[in-house]
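Computed from a predicted structure; not experimentally measured.
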Amino acid sequence: MNTVKHWLEKIRMWLFGHFVLVKYKILRRFYGPPQQRSIPLQVENPDAIMGSLSWTIRDTPTNQVLEERRTPLRAKDFKIIEVRGQGETYYNKCLALNELFVFSIAEHPTPAEHPATGFGLVAKRTDQVTFCWEWFIHKDVGRVAKLQESGELGIRYSYSVSGWEVVETTFLTDVDLRVHESGQSVGDEPRWRVTIHQGSTIRWPFGAGHWAESL
């Protein structure tokens with residue numbers, strides 16, 4: 001039974017991954033490459049604490065820990081990239097883990113406070129092309145679950161000029177972000193795993209560059 005579940009999960013991962021890639025290629029071909037620009041942060045104190053992050057980066061084939069760290073998050077650590085194209089505007093809100101790995105949330109502001117579609121978390125390398133897309137769906141009010149494998153987050157939304165945006169995430173469990181090398185099938189075991197550990201909390205800025213006053 002475990003073997004059947006394992007292969008069903010691999011098939012689901014493969015189908016979902018290829019759906020995302022095919023959709024991206026079709027939209028890119030129709031709309032052209034997206035335009036990106038950096039959004040400046042609007043904060044009086046760049047050293048203001050905006051949470052804490054505990055993470056481990058592991059080389060999957062060898063199970064070797066490449067680096068692990070627990071650190072407070074300051075306002076100046078965030079970077080916001082506005083992406084326009086493919087018929088929409090969204091924001092990549094990024095945190096550099098080290099010189100090679102970046103962690104981000106793909107923020108699509110919505111008119112609904114709890115959008116049915118969910119949202120994605122991403123980890124990538126800065127020195128080569130990689131693929132990672134971990135989708136989270138709403139399980140309950142203030143709680144989301146990882147669509148593939150396991151993992152849960154506590155979540156808060158706040159309203160901005162662009163719509164409802166994620167302003168706080170709390171990792172209720174360890175969450176793995178699977179990073180695949182270029183050319184690697186998304187159904188394969190990833191080359192790297194970036195684990196964000198239970199207890200990590202992040203106060204995300206709005207896409208416009210400021211933080212919600214209610215937090």
With the 4.5 Å side-chain cut-off for hydrophobic clustering, are Val102 and Val166 part of the same group?
-> no
Note: Glu152-Arg143 ion pair, threshold 4.0 Å (strictly below) = yes
Minimal heavy-atom distance between Ser162 and Tyr91, with the atoms involved, is OG-OH, 3.6 Å
Please determine whether the number of non-hydrogen atoms from other residues, nucleotides or ligands lying under 6.0 Å from atom CD of Gln128 exceeds 12.
yes
Between the side chains of Asp176 and Thr195, does any donor sit under 3.5 Å from an acceptor?
yes
Determine, using the 4.5 Å side-chain heavy-atom cutoff (strictly less than), whether Val175 and Val65 are members of one ILVMFWY cluster. no
For this session: Start with the C-alpha gap between Arg69 and Leu97, add the side-chain angles, then the distance that decides, and say whether side-chain contact (heavy atoms from CB on, under 4.5 Å) holds.
Result: CA-CA 9 Å; Arg69 193 181 303 174; Leu97 301 180; over 6 Å; no
Minimal heavy-atom distance between Leu147 and Ile137, with the atoms involved, is CD1-CD1, 4.1 Å
Heavy-atom closest pair (Gly199 atom, Ser52 atom, distance to 0.1 Å) is O-OG, 4.5 Å
Between Cys132 and Glu134, is the side-chain contact (heavy atoms from CB on, under 4.5 Å) condition met? List the steps. CA-CA 7 Å; Cys132 172; Glu134 300 293 359; 4.2 Å; yes
Between Trp55 and Phe171, ring centroids under 6.0 Å:
no
- request: State whether a side-chain donor-acceptor pair under 3.5 Å links Arg178 with Gln148.
  value: yes
Heavy atoms of Trp133 and Ala106 approach each other most closely as CH2-CB, 3.6 Å
Quick one: are Glu82 and Thr89 in side-chain contact, heavy atoms under 4.5 Å? yes
Does a side chain donor of either Glu189 or Thr60 reach within less than 3.5 Å of an acceptor in the other side chain?
-> no
Here the gap from His197 atom NE2 to Ser54 atom OG, rounded to the nearest 0.5 Å, amounts to 4.5 Å
So do the side chains of Thr170 and Leu153 get within less than 4.5 Å of each other, counting heavy atoms only? no
**side-chain contact (heavy atoms from CB on, under 4.5 Å) evaluation trace for His210 with Val43** = CA-CA 6 Å; His210 62 279; Val43 59; over 6 Å; no
Distance col, row Thr169:OG1 vs Ile155:CD1, nearest 0.5 angstrom, shows 7.0 Å
Do Gln184 and Arg191 have side chains that get closer than 4.5 Å, going by heavy atoms? yes
Asn98 and Glu67: CA distance, side-chain angles, deciding distance, side-chain hydrogen bond (donor to acceptor under 3.5 Å, both in side chains) verdict:
CA-CA 9 Å; Asn98 58 19; Glu67 189 172 352; 2.9 Å; yes
_Whether Glu165 side chain and Gly207 backbone form a donor-acceptor pair below 3.5 Å_ = yes
In terms of heavy-atom contacts, Val167 and Ala212 come closest through CG1-CB, 4.1 Å
Nearest heavy-atom contact between Trp211 and Phe78 is CZ2-CD1, 3.8 Å
Output for pair (Ile81 CD1, Tyr90 OH), nearest 0.5 Å, gives 11.0 Å
Lys NZ or Arg CZ of Arg58 over Trp192 ring: under 6.0 Å, within 45°:
no
Q.
Just by distance, no angles: are the side chains of Gln198 and Asp174 close enough, under 3.5 Å, to form a donor-acceptor pair?
A. no
Check your understanding: If you group Ile, Leu, Val, Met, Phe, Trp and Tyr by side-chain heavy-atom gaps below 4.5 Å, do Val144 and Leu172 land in one group?
Key -> no
In this structure, CG of Leu177 is separated from CZ of Phe103 (nearest 0.5 Å) by 6.0 Å
Practice prompt. With salt bridge (charged side-chain N to carboxylate O under 4.0 Å, His left out) as the test, would you mind laying out the steps for Arg125 and Glu99 before giving the verdict?
Written response: CA-CA 9 Å; Arg125 288 185 66 113; Glu99 293 182 354; over 6 Å; no
One thing to verify: whether Lys93 and Glu107 come together as a salt bridge, which I'm taking to mean a side-chain N less than 4.0 angstrom from a carboxylate O. yes
In this structure, OG1 of Thr110 is separated from NE2 of His108 (nearest 0.5 Å) by 10.5 Å
Item to complete: Examine the side chains of His180 and Thr130 and answer whether a donor and an acceptor come within less than 3.5 Å of each other.
Response: no
Original post:
In the single-linkage hydrophobic clustering (I, L, V, M, F, W, Y; side-chain heavy atoms under 4.5 Å), do Ile49 and Leu41 co-cluster?
Top reply: no
Quiz prompt | Asn92/Ile105 under side-chain contact (heavy atoms from CB on, under 4.5 Å): CA gap, chis, key distance, verdict | solution = CA-CA 6 Å; Asn92 288 324; Ile105 182 172; over 6 Å; no
query: Is it true that the side chains of Trp164 and Ser158 contain a donor and an acceptor less than 3.5 Å apart?
result: no
When rounded to the nearest 0.5 Å, the distance separating CG of Leu73 from OG1 of Thr201 is 9.0 Å
Practice task
Look at the side-chain heavy atoms of Ile, Leu, Val, Met, Phe, Trp and Tyr, link any pair under 4.5 Å apart, and say whether Ile80 and Tyr159 land in one connected group.
Solution key: yes
